[in-house]
J.: 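Take this structure, written in structure tokens, and hold onto it; I'll ask about it next.
This one's a predicted model, so the numbers in the text were calculated from it and none came from an experiment. Reminder, nothing fancy here: chain letters follow the sequence lines and each chain counts from 1.
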Protein chains: 2
Amino acid sequence: MPNTQPPIQLNSQLCFQLYTANKKFNKFYQDALSPFSLTYPQYIAMLTLWQYAPLSVKELGNHLHLDSGTLTPLLKRLESHNWIKRERSHKDERTVIIQLTHMAVTNRDSVFKRVSNCFKVLNLTPQEKAACSETIATIEAHLDHYNEQHNAN
Amino acid sequence: MPNTQPPIQLNSQLCFQLYTANKKFNKFYQDALSPFSLTYPQYIAMLTLWQYAPLSVKELGNHLHLDSGTLTPLLKRLESHNWIKRERSHKDERTVIIQLTHMAVTNRDSVFKRVSNCFKVLNLTPQEKAACSETIATIEAHLDHYNEQHNAN
DNA sequence: AGCAATTTAATTGCGAACAATACGTTATTT
DNA sequence: AAATAACGTATTGTTCGCAATTAAATTGCT
């Protein structure tokens, strides 16, 4: 007879590990980004905007899996620190278009360099990075499948 | 001449992946725990308390790497849902001792079973779980080393 | 074409979590 | 007894999800 008992311990350990690792990762990025008055989520948003701007709030939200209720205040903070401009579309007055400021364009490489240097200090080998990326992708695929099943969309 | 250019893309990708994977994991746990009016961080705290209670706020914070400023409101919510009792120590009136309620003890196995079932649906092989655990441990070790260097303690 | 109903986009408000800081009370140390 | 340390609480700012609201655009019907 096979063992049908749930492996409580391993699940709990995974849960715990992910929780604390995520917090440490936040701290790492917070430190890396502090010279630019950017928070971790703000940086993620800027990463997307550096690549795809201009974007509407809705489009940005699709990239980040965030709804506008979360993005609006975040974007206002980015605007107040002069990273982005927000203006309503002339074609469709409902949508707000996010554009990069001149400052954001000029300082992009400084931010990248800083983050890159912090990563260097982390001392992850390319193999470790690749393994991490792959592991996360695997877990994420399972999570996507689960969440699709359990959320009426 | 070796390539000294920073691998921006890979770092950004890692950063982005971790960000979104973490959110999906939160969602997964939120769904798993919703029948018990427990949030993910509250569950993490309960995991620790089921194993080590009674604990002072300070001791619990050491397990979770959280300070009392974060824990106090969280513990009040747990208390209001009758998961724990909070009372000041007679020996040292500064410390608050957290104890499990009868309900928490009785319902422990139900919570474990529910989480375990949700994990089953996730369909992670033992190999995938182990790989995940190992990867996280590796990254975490690097992060610990980094954060030690960069935070005056 | 013109009006009503529906859909879509963004904002606002609420509760929870987290970090950082300041504050007040209680112990300990000198 | 006074200074210092430890501990928990309160406060502020950011993030996140969800629900309700407002405004604009689209669709459907007559």
J.: More 5' along DNA chain D: Gln30(B) or Thr72(B), using each one's nearest nucleotide?
T.: Thr72(B)
J.: Taking only side-chain N and O atoms of Thr70(B), does any of them lie within less than 4.0 angstrom of OP1 or OP2 on dC18(C)?
T.: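 Checking dC18(C) against Thr70(B), no side-chain N or O comes under 4.0 Å of OP1 or OP2.
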J.: Starting from P on dC18(C), measure out to CG on Asn22(B) and report it in whole angstrom.
T.: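 Whole-Å distance recorded here is 10 Å.
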J.: Using whole Å, what does the distance between atom C1' of nucleotide dA6(D) and atom CG of Asn62(B) come to?
T.: 13 Å
J.: Looking at dT21(C), dC16(D), dA9(C), which one has an atom nearest to any side-chain atom of Lys58(A)?
T.: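 So the nucleotide nearest the side chain must be dA9(C).
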J.: Do the ring planes of Tyr40(B) and Tyr19(A) sit parallel (below 30°), tilted (30 to 60°) or perpendicular (above 60°)?
T.: perpendicular
J.: Between Lys23(A) and Ile97(A), just flag the one whose closest nucleotide in DNA chain C comes earlier from the 5' side.
T.: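 In this pair, the answer is Ile97(A).
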J.: Go through the steps to decide whether Gln17(B) and Ser133(A) satisfy the test side chain to side chain donor-acceptor pair (under 3.5 Å), and finish with yes or no.
T.: CA-CA 7 Å; Gln17(B) 269 188 307; Ser133(A) 181; 2.8 Å; yes
J.: Among dT11(C), dG8(D), dC18(C), which nucleotide sits nearest the side chain of Val96(A)?
T.: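 Shortest atom-to-atom distance from the side chain points to dT11(C).
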J.: Could you point out which residue of Phe28(B), Phe119(B), Tyr29(B) forms a ring-ring contact (aromatic ring centres under 6.0 Å, His included) with Tyr146(A)?
T.: Phe28(B)
J.: Contacts to DNA chain D from residues 76-95 of chain A, heavy-atom cutoff under 4.0 Å, which residues?
T.: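 Residues of residues 76-95 of chain A under 4.0 Å from DNA chain D: Arg77(A), Lys91(A), Asp92(A), Glu93(A), Arg94(A).
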J.: Which atom pair, heavy atoms only, marks the closest approach of Ala32(A) to Arg114(A)?
T.: O-NE, 2.8 Å
J.: Could you tell me the separation between the CG atom of Leu55(A) and the C1' atom of dA10(C), rounded to a whole number of Å?
T.: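 That distance rounds to 16 Å.
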J.: May I ask you to list the residues of residues 38-50 of chain B, by number, that have any heavy atom positioned under 4.0 Å from an atom of DNA chain D?
T.: none
J.: Of the non-hydrogen atoms in His65(B) and Lys23(A), which two are nearest, and what is the gap between them?
T.: O-NZ, 3.1 Å
J.: Let me know the distance between CG of Leu74(B) and P of dC18(C), rounded to the nearest Å.
T.: 7 Å
J.: Please classify the nucleic acid contact of Leu71(B) as base, sugar-phosphate, or nothing, using heavy-atom distances under 4.0 Å.
T.: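 It contacts nothing in the nucleic acid.
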J.: Determine the sole option in Glu79(A), Arg77(A), Met103(A), Gln99(A) for which the side chain to side chain contact (heavy atoms under 4.5 Å, CB included) test with Ile84(A) is passed.
T.: Glu79(A)
